[in-house]
Amino acid sequence: MSHQARRTFLTRASALAAGTFTGTLTAQSAFAQSAEFTLKFGSNLPAIHPLNVRAKEAADAIRKETNGRVDLQVFPNNQLGSDTDMLSQVRSGAIDFMTLSGLILSTLVPTSSINGIGFAFKDYQQVWAAMDGDLGALVRTNIGKAGLHAFDKIWDNGFRQITSSSKPITTPADLKGFKIRVPVSPLWTSMFKSLDAAPASINFSEVYSALQTKIVEGQENPLAIIQTAKLYEVQKYCSLTNHMWDGFWFLANGKKWAAIPPDLQAVISKHINAAGLAERNDIRRLNNSVEVELKAKGMTFNPVNADAFRTVLKKSGFYADWKKKYGVEAWTVLEKYAGKLE
Ligand code: X2X
């Protein structure tokens, strides 16, 4: 092995040992010098989650089609910080891109949590009609007004399920006083308070350890995350509540996006949106296969009667409250796809 080859090998080996080696590292380094635009993308999800797998594919396709002029670097797993940290970095321009749940983004863009209203969407047909239609367009316009650029296609997080280490959640009464982690977002806190639970706002970067040390008994996330983030190691029960649908907006710093020439913007948008659509398919496939795998890891599943939970929310005034917060106009757009909610 030549001196240079050995050095490269050692660098790669230590990157591997540190867990930072990624499939695109080779391509990233090869183009690092020649790239006109080196763009950092961060997400809160593990590298093996389809969102990061597809983002990496998009990065490779963008590098190729722009002949290395655009080098999109993918940083999964909160490597660049928690969602809260990354949102302030995207706003300041310290990083270029991130994926963020619309519910968390609502601390900056209030209407962006609207797709997470409890038990609003019944299935994916309703979700994609709304998010690729007028509801998504309304939210993207508001994101633009807040100085960020949102790509057209929202990526799938999924319908969310409640997990627990202490007991299965089968009826709304089981949630009484239940210590549950929720992401940092007023809608999440409001919804679980309305269900009489005891929600704690915690960034995803801290969820595994919060569950492991029993700061909280439970959390709620789609099956693909329960699997890829290994939450099954610290949770026993999974209640199939499907209590809300959550998606990730692929966001860019508005000024930095505007500074990219239109021809390169077009290539980036094309590949990011295509990757988002591919990721939606991955999640659909995972949803169909993952329950069996999680059962094999020791998790116990139970269905719930969603109407019982919805009735509690209705009685608590949850829907009426949020209708007031979003305003009749946005609420009417939501109901156009989800049906009457009050
Ligand atoms: O924080 C979560 O639970 C996650 C990963 O689902 C979101 O990004 C909303």
Side-chain angles (χ1 to χ4, degrees), residues 41-55 75-90 97-109 112-118 121 127 131 139 143 150 154-164 179-192 197 199-212 215-235 238-239 241-251 276 279-280 282-283 286-287 290 294:
F41 160 72
S43 91
N44 63 0
L45 296 180
I48 57 167
H49 187 282
L51 178 139
N52 284 310
V53 174
R54 295 299 183 179
F75 297 89
N77 216 15
N78 295 294
Q79 281 174 19
L80 302 178
S82 70
D83 279 331
T84 307
D85 297 332
M86 285 192 284
L87 178 57
S88 58
Q89 291 176 67
V90 164
F97 298 110
M98 79 178 293
T99 39
L100 185 62
S101 160
L103 276 76
I104 300 176
L105 179 61
S106 74
T107 54
L108 175 67
V109 182
S112 73
S113 64
I114 195 161
N115 61 265
I117 285 292
F121 295 122
V127 167
M131 303 315 290
V139 172
I143 293 174
I154 192 167
W155 297 41
D156 194 13
N157 190 354
F159 281 91
R160 299 178 77 95
Q161 323 294 352
I162 298 177
T163 67
S164 158
K179 278 195 250 164
I180 183 169
R181 172 272 172 172
V182 293
V184 182
S185 163
L187 177 60
W188 252 301
T189 306
S190 152
M191 178 164 154
F192 280 90
S201 300
I202 299 175
N203 269 303
F204 191 66
S205 49
E206 307 293 333
V207 165
Y208 187 96
S209 67
L211 293 168
Q212 191 174 36
I215 287 173
V216 287
E217 300 167 77
Q219 65 86 46
E220 43 81 64
N221 249 306
L223 295 183
I225 287 183
I226 296 167
Q227 188 203 33
T228 55
K230 294 190 163 49
L231 299 185
Y232 56 81
E233 291 178 352
V234 286
Q235 296 282 272
C238 181
S239 305
T241 49
N242 291 299
H243 55 271
M244 61 164 72
W245 177 81
D246 182 28
F248 294 105
W249 289 111
F250 206 106
L251 302 173
E279 188 262 3
R280 292 180 186 179
D282 297 337
I283 298 292
L286 265 184
N287 277 342
V290 135
L294 290 172

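Start at 1 with the first residue, then count along the sequence. Atoms within each ligand, like the ligands themselves, are counted from 1 in listed order.
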Examine the proximity of ligand 1 to [X] and report which part, side chain or backbone, both or neither, has a heavy atom under 4.0 Å away.
{"X": "R160", "answer": "side chain"}
{"X": "I225", "answer": "side chain"}
{"X": "L45", "answer": "side chain"}

Quick one: are H49 and D282 in side-chain contact, heavy atoms under 4.5 Å?
->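 H49 vs D282: side chains apart.
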Any side-chain heavy atom of T107 within less than 4.5 Å of one from P186?
->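 Yes, their side chains come closer than 4.5 Å.
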Pairs where residues 154-163 contributes a residue and the test salt bridge (charged side-chain N to carboxylate O under 4.0 Å, His left out) is met, not counting sequence neighbours =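 Found R160-E220, R160-D246.
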Near [X], which atoms of ligand 1 are under 4.0 Å from a heavy atom of that residue?
{"X": "F204", "value": "1 (O), 2 (C), 3 (O), 5 (C)"}
{"X": "F248", "value": "8 (O)"}
{"X": "W188", "value": "9 (C)"}
{"X": "P183", "value": "1 (O), 2 (C), 3 (O)"}
{"X": "D246", "value": "9 (C)"}

For ligand 1, is there an N or O atom under 3.5 Å from any N or O atom of N157?
->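 Yes.
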Considering heavy atoms of the protein only, find what lies nearest to atom 8 (O) of ligand 1 and give residue, atom and distance to 0.1 Å.
->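 Going by distance alone, atom 8 (O) of ligand 1 is nearest to N44 ND2, 2.8 Å.
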Around atom 6 (O) of ligand 1, find the nearest protein heavy atom and jot down its residue, atom name and distance.
->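 Result for atom 6 (O) of ligand 1: N221 OD1, 2.6 Å.
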Ring center gap for F250 and F41 short of 6.0 angstrom =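 F250 vs F41: aromatic centres under 6.0 Å.
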Atom pair OG1 (T228) and CG (L51), whose distance is rounded to the nearest 0.5 Å =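 Those atoms lie 10.0 Å apart.
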Interatomic distance, W188 atom CH2 to M244 atom CE [nearest 0.5 angstrom] |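 The distance works out to 5.5 Å.
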Contact summary for Q219 and I226, nearest pair of heavy atoms |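 Taking Q219 first and I226 second, the nearest heavy atoms are NE2-CG1, 4.1 Å.
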Quick one: which of E206, R181, E220 has a heavy atom closest to atom 2 (C) of ligand 1?
->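 That would be R181.
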Distance-only polar pair, side chains of N242 and Q161, donor-acceptor under 3.5 Å |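 Result is yes, a qualifying pair exists.
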